[in-house]
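Inspection log for the structure reproduced underneath, given as structure tokens.
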Number of protein chains: 2
Amino acid sequence: MSGVRSGPEELDIENRPDQAEELLRLDRQVCFPLYAASNLINRLYRPVLAELGLTYPQYLTMLVLWERSPRTVGELAAALHLDGGTLTPLLKRLEASGFVTRTRDVEDERRVLIELTAQGRTLKTRAAQVPLTLMEGFEYSEEDADNLRETVQDLVAMLADRSQRRERS
Amino acid sequence: MSGVRSGPEELDIENRPDQAEELLRLDRQVCFPLYAASNLINRLYRPVLAELGLTYPQYLTMLVLWERSPRTVGELAAALHLDGGTLTPLLKRLEASGFVTRTRDVEDERRVLIELTAQGRTLKTRAAQVPLTLMEGFEYSEEDADNLRETVQDLVAMLADRSQRRERS
DNA sequence: GATAAATATATTGTGCACAAAATAAATCAA
DNA sequence: TTGATTTATTTTGTGCACAATATATTTATC
């Protein structure tokens with residue numbers, strides 16, 4: 001009683017306006033709430049992170065670097081599921097803000113190593129308040145939060161896998 | 001055994017580097033997978049929607065209009081949880097593509113009515129294939145999909161509510 | 001050891017996404 | 001009615017996000 005069927009009789013939608021209607025209803029979409037949630041979250045984080053001098057994608061990049069530094073641009077892109085072309089300018093801004101340094105790897109001159117500065121490392125203490133601030137006044141049980149996180153993490157793993165497959169073909 | 005506690009003893013993180021470590025781990029974040037999922041989904045939709053001459057946000061806008069047209073810019077922004085400033089240029093591009101018209105409401109000259117053109121209405125039939133194409137080869141049971149959708153819809157409702165509260169203050 | 005293929009970043013061009021400010025029309029108040 | 005406030009949309013400026021392309025370095029292949 002599960003699994004996505006995709007027989008040809010379902011793909012032929014031309015003569016089934018009622019099914020088209022159903023499939024295209026905004027409240028039937030799985031992807032739309034994910035899109036909306038992402039935007040709304042960004043909007044909530046914005047003023048809080050602005051006090052640290054960070055944007056949300058910059059904050060995520062710092063999370064990765066706080067776990068281990070230095071890292072190559074490619075490693076960061078993989079961890080964040082982002083395009084390399086997105087990160088280069090973002091990292092330049094983090095460099096301009098004084099949080100990281102960008103240096104060519106002497107071992108392999110193609111690579112660029114992103115390393116935390118003292119200022120970047122110091123920022124971690126203040127940043128630890130961010131998740132607490134965001135959770136404040138949120139009527140979300142720890143169980144619900146864990147469930148949501150795991151559910152979406154599984155989805156991301158699947159989407160990332162699929163994205164990689166497409167890349168290789 | 002649930003609910004987010006936010007006592008002052010938890011907010012004082014200065015002398016608890018271990019807790020800071022835990023809170024800032026990327027794989028402990030709820031918001032990051034939502035952000036990653038949103039980007040990955042956009043990436044999967046892109047080539048499919050490109051054949052229809054739409055981007056993902058434009059596709060979502062058309063979904064709303066296929067349910068009812070005309071709509072004001074504000075109604076669209078509310079339905080999509082988007083800023084008005086985001087929609088104006090997007091709608092101009094949809095107009096340039098020939099899918100909608102933009103006309104000042106004669107009843108209230110402040111409002112701009114967005115209405116489907118014949119071409120925009122016709123596009124709906126082809127668009128009905130999009131969800132089917134995207135689901136193809138996805139090992140996701142209908143039950144899991146429903147569960148995910150409802151979970152994230154609830155989150156969006158909460159985030160939207162919170163976002164509005166902030167607006168009024 | 002020259003040449004080709006693969007790898008790692010950077011650049012370019014298009015399209016969001018948002019806050020803040022600007023514009024303009026409608027409504028309210030004195 | 002006039003002047004102030006509110007409401008609806010647009011404009012401006014910053015920062016992603018991505019595909020496609022370009023550039024440079026490394027590794028394979030011969």
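Protein chains get the first letters and strands the later ones, always in sequence-line order, with residue 1 at the start of each.
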Phosphate OP1/OP2 of [N]: any [X] side-chain N/O under 4.0 Å:
X	N	answer
B:Arg104	D:dA8	no
A:Thr72	C:dA8	no
A:Thr55	D:dC16	yes
A:Tyr56	C:dA17	no
A:Thr86	D:dC18	yes
A:Arg102	C:dA10	yes

Legend entry - Check ion pair A:Arg25-B:Glu67 (N to O, under 4.0 angstrom): no
Legend entry - Ionic contact status for B:Arg126 with B:Glu51, cut-off 4.0 Å: no
Legend entry - Where B:Leu24 and A:Pro131 come nearest, the two heavy atoms and their spacing: CD2-CG, 4.1 Å
Legend entry - Closest contact, heavy atoms only, B:Asp27 versus A:Gln153: O-NE2, 3.1 Å
Of the options [options], whose atoms approach the side-chain atoms of [X] most closely?
X	options	value
A:Arg43	C:dC16, D:dT26, C:dC18	C:dC18
B:Pro57	D:dT25, D:dC18, C:dA17	C:dA17
B:Lys92	D:dT11, D:dA19, C:dC18	D:dT11
B:Val73	C:dG15, D:dA17, D:dT10	D:dT10
A:Thr88	D:dT25, C:dA19, C:dT9	C:dT9

Inset, instruction - For A:Tyr45, report the nucleic acid contact type (base, sugar-phosphate, nothing); a contact means any heavy atom under 4.0 Å. - result: nothing
Inset, instruction - Check every strand shown and say whether A:Gly74 touches a base, only sugar-phosphate, or nothing at a heavy-atom separation below 4.0 Å. - result: sugar-phosphate
Legend entry - Presence of donor-acceptor pair under 3.5 Å, side chain of B:Arg110 and base of D:dT7: yes
Inset, instruction - Take A:Leu87 and B:Leu82, find for each the nucleotide of DNA chain C with the closest heavy atom, and name the residue whose nucleotide sits nearer the 5' end. - result: A:Leu87
Legend entry - Gap between atom CG of B:Leu65 and atom CG of B:Leu76 - 0.5 Å precision: 5.0 Å
